[in-house]
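First the proteins, then the strands, lettered A, B, ... as listed; each starts at 1. For the numbers below, each heavy atom of this structure counts, side chains included, while hydrogens, waters and symmetry mates do not.
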2 protein chains.
Amino acid sequence: MEENKHVTIYDIAERLNLATSTISRALKDHHTISDKTIKKVKKTAEEMGFVPNTLAAGLRGNKTRTIGVLIPTVTQPFLSSLISGIEITAQKSDYTVIIMQSHDSYEEEVNMAKSLYSNRVSGVICSLAMETRDTAHFHQFSNNNIPLVFVDRVPKGYNTFRVVIDNYTAGYKATKHLIEQGCIRIAHFTAGSELGNLYNERKRGYIEALKDHNIEVEEELIINLNSVTYEDGVKASNALFDLKPIPDGLFAPGDILAVSAVQTAKKRGVKVPEEFKVIGFNNDPISQIIDPNLSTITHPAEKMGKAAADIIIKNLKSSKNDDDAKEITFLNTEVLARESSQK
Amino acid sequence: MEENKHVTIYDIAERLNLATSTISRALKDHHTISDKTIKKVKKTAEEMGFVPNTLAAGLRGNKTRTIGVLIPTVTQPFLSSLISGIEITAQKSDYTVIIMQSHDSYEEEVNMAKSLYSNRVSGVICSLAMETRDTAHFHQFSNNNIPLVFVDRVPKGYNTFRVVIDNYTAGYKATKHLIEQGCIRIAHFTAGSELGNLYNERKRGYIEALKDHNIEVEEELIINLNSVTYEDGVKASNALFDLKPIPDGLFAPGDILAVSAVQTAKKRGVKVPEEFKVIGFNNDPISQIIDPNLSTITHPAEKMGKAAADIIIKNLKSSKNDDDAKEITFLNTEVLARESSQK
DNA sequence: TATTTTTACGCAACCGATTGCAATCATTGT
DNA sequence: ACAATGATTGCAATCGGTTGCGTAAAAATA
């Protein structure tokens with residue numbers, strides 16, 4: 001196992017009796033370099049096993065062709081699909097992706113943002129941690145002209161790019177769907193989070209849909225969860241089924257919650273969808289596994305990732321000092337009617 | 001939106017009338033720097049919003065405190081949990097994680113390996129792409145003393161660190177479990193892959209378990225899949241149920257496959273587990289969602305990630321020229337008996 | 001043939017943190 | 001009071017590409 005020192009452009013230059021500047025330019029097909037030289041350099045570089053040192057280039061040029069991704073976790077289907085989308089698009093333009101997980105912790109998010117900045121990423125894509133209440137730690141990007149795109153869980157009142165779905169409309173659609181399936185007492189699970197206001201938006205849609213169909217909004221049918229987990233979903237579901245007449249429908253703003261409700265219903269002898277119709281959110285893989293199959297709202301994760309990466313890359317290309325307002329991209333969602341909400 | 005130039009140690013040095021070397025040392029609590037100076041420097045650095053430039057440090061020191069992770073995809077539960085484990089451990093030691101997806105393509109794997117090397121990662125953790133047949137593209141790491149750990153899908157005959165489960169034993173256990181539950185004609189799904197020999201190993205365990213219990217190995221019960229996907233699982237399952245007397249059990253080397261079998265069984269009126277018992281592999285989330293709950297083999301993804309990261313970090317710390325044989329770490333698996341294999 | 005224009009390449013500074021070695025200052029011993 | 005020892009800090013090279021500017025050589029034009 002020989003201890004190969006890294007091969008540098010200096011090594012190539014020495015071998016060919018050329019200047020490093022020539023090597024550097026030849027490797028990038030610079031027009032001032034003759035074709036002969038370019039071929040010769042590339043051939044030699046290949047032979048010597050030259051691999052450019054990204055650090056050196058990044059240091060000098062102050063651009064790393066790296067996109068930093070800061071998300072709560074990679075283990076949620078939605079987020080791993082998001083990454084997948086980012087990665088596919090990034091790769092096409094020869095960008096590298098650094099992924100960091102905040103684990104929904106504000107402190108970690110702050111640290112990792114600093115770390116990304118420290119690594120001089122060219123752009124940042126972020127979905128906020130649940131805990132996050134302020135966005136000061138993102139100013140370092142904005143202030144240094146590093147494109148910043150928030151996805152899905154985006155902050156209010158911060159002029160950056162955003163890629164989202166219309167959570168209000170989606171919530172409205174979901175609820176309307178249940179109404180159309182005959183539900184008249186529809187429950188809703190929600191979760192608090194001031195900055196990433198998506199649950200509030202879905203709830204708004206839910207309420208508005210009820211009102212539009214002359215259905216009374218009952219506070220006891222709206223349950224606030226601490227966390228969007230299976231366990232909390234089970235608790236909330238049990239609370240629902242403890243009600244005197246149980247509700248006949250549920251709009252859960254997440255498939256895990258919806259699944260927990262379906263399974264709890266089964267355990268308690270409540271028939272889905274006959275006595276209790278459910279619609280979830282996200283179209284996670286589990287929605288097609290559970291019996292009955294779960295109706296849900298599509299959430300174009302991969303598409304969102306691609307869109308976010310596209311924005312970063314396009315922005316980097318034009319490299320204009322975009323001081324103007326940052327666009328907000330809305331992606332479409334749809335009701336996916338399956339068995340759990342069948343009339 | 002002021003255009004803050006990055007603050008460097010030069011800026012701090014100028015402000016305090018000190019040398020950059022002093023600043024650099026003060027920031028890392030070097031013992032030759034007085035406490036006063038250290039405090040002063042840190043305070044000023046904080047005030048000025050100094051964030052160290054990782055690139056510069058990495059270039060100079062030729063170490064980046066970055067772990068490169070090269071895996072087929074992040075969207076599989078097993079792999080995203082693996083990442084999670086890597087990330088948790090890395091973060092504790094202040095390492096950054098770069099994730100790249102090969103999408104099971106050999107060509108992409110080669111490119112991304114080069115990219116990781118180009119980024120001068122301090123260590124690499126890899127789970128091979130399905131397509132990969134040789135490992136030449138990993139020599140650049142071995143040759144340059146960059147610790148390399150293969151996880152789960154590991155190459156044969158390559159002296160590097162490996163973190164795996166004992167797939168043979170796991171396959172044996174799974175099959176034995178079905179036998180103990182009364183199965184006498186057990187089918188098996190398998191998939192070809194020469195380098196990452198895990199399916200072959202599981203199959204070996206399956207066959208050995210049958211032999212040990214005097215059960216004939218029937219070739220028609222062993223179905224070779226092109227890919228480990230739901231769709232291929234459905235095809236294979238239908239093939240099984242087309243047999244004159246259908247088998248009474250199935251060991252599927254992946255929960256997706258097992259789920260596809262259970263659902264296909266339902267569709268065709270085959271009762272699980274009464275007429276057909278199933279055990280999967282991985283303990284993916286879906287195994288607890290499907291009805292009946294899926295018996296499976298635990299696969300300690302997060303633990304494997306932690307172990308792999310630990311190896312990298314430990315190796316980097318000792319920084320000995322470990323020319324000796326690389327250890328192989330076996331993690332434990334267990335049968336998780338749930339409803340789908342109930343006697 | 002003399003001169004202008006191209007073409008092709010070299011020189012050297014630069015990015016920002018790190019580090020071996022030299023230098024300066026303060027403190028203690030004699 | 002002076003040398004010696006130790007505590008602090010400064011100097012300058014270094015890592016490996018990148019790039020503005022300068023120049024020599026070749027080609028084009030007068």
*Salt bridge between B:K42 and B:E46, side-chain N to carboxylate O under 4.0 Å?*
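So B:K42 does not pair with B:E46 through a salt bridge.
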*Between B:D310 and B:K317, does at least one N-O distance fall below 4.0 Å, as a salt bridge requires?*
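Not counted as a salt bridge, because no side-chain N and carboxylate O are separated by less than 4.0 Å.
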For [N], does either OP1 or OP2 sit under 4.0 Å from a side-chain N or O belonging to [X]?
X: B:T37; N: D:dT9; answer: yes
X: B:T32; N: D:dA7; answer: no
X: A:T8; N: D:dC15; answer: no
X: A:T22; N: C:dG10; answer: yes
X: A:S21; N: D:dT19; answer: no

Under 4.0 Å, counting only non-hydrogen atoms across every strand here, what does [X] touch: a base, just sugar-phosphate, or nothing?
X: A:N62; value: nothing
X: A:L18; value: sugar-phosphate
X: B:D11; value: nothing
X: B:D35; value: nothing
X: A:I23; value: nothing

Would you indicate which nucleotide in [options] comes nearest to any side-chain atom of [X]?
X: A:N53; options: D:dG17, C:dC11, C:dG16; value: D:dG17
X: B:R25; options: D:dG10, C:dT18, D:dG17; value: D:dG10
X: A:S24; options: D:dT18, C:dC11, D:dC11; value: D:dT18
X: A:L59; options: D:dT19, D:dG17, C:dC15; value: C:dC15
X: A:F50; options: D:dG16, D:dG17, C:dG20; value: D:dG17

Interatomic distance, [X] [atom1] vs [N] [atom2] [rounded to whole Å]:
X: A:R65; N: D:dG17; atom1: CZ; atom2: P; value: 17 Å
X: A:L27; N: D:dG16; atom1: CG; atom2: P; value: 15 Å
X: A:D29; N: D:dT18; atom1: CG; atom2: P; value: 13 Å
X: A:Y117; N: C:dG16; atom1: OH; atom2: P; value: 10 Å
X: A:H6; N: D:dT14; atom1: NE2; atom2: C1'; value: 15 Å
X: A:H30; N: D:dC21; atom1: NE2; atom2: P; value: 13 Å

*Side chains of A:T54 and B:S118: is there a donor and an acceptor less than 3.5 Å apart?*
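Judged by distance alone, the side chains do pair up.
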*Tell me which of B:Y10 and A:A56 sits closer to the 5' end of DNA chain D, going by the nucleotide each one is nearest to.*
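Looking at DNA chain D, the more 5' nearest nucleotide goes with B:Y10.
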*Decide if the gap between the ring center of B:Y117 and the ring center of A:H6 is smaller than 6.0 angstrom.*
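Yes - the distance between ring centres of B:Y117 and A:H6 falls below the 6.0 Å cut-off.
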*Check each of B:N111, B:T132, B:D134 against B:Y106 using the side-chain hydrogen bond (donor to acceptor under 3.5 Å, both in side chains) test, and report the only one that passes.*
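Going through the options one by one, the only one that passes is B:D134.
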*asked:* Which label fits B:F138 and B:Y158: parallel for a plane angle under 30°, tilted from 30 to 60°, or perpendicular past 60°?
replied: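 Rings of B:F138 and B:Y158: tilted, as their planes differ by 30° to 60°.
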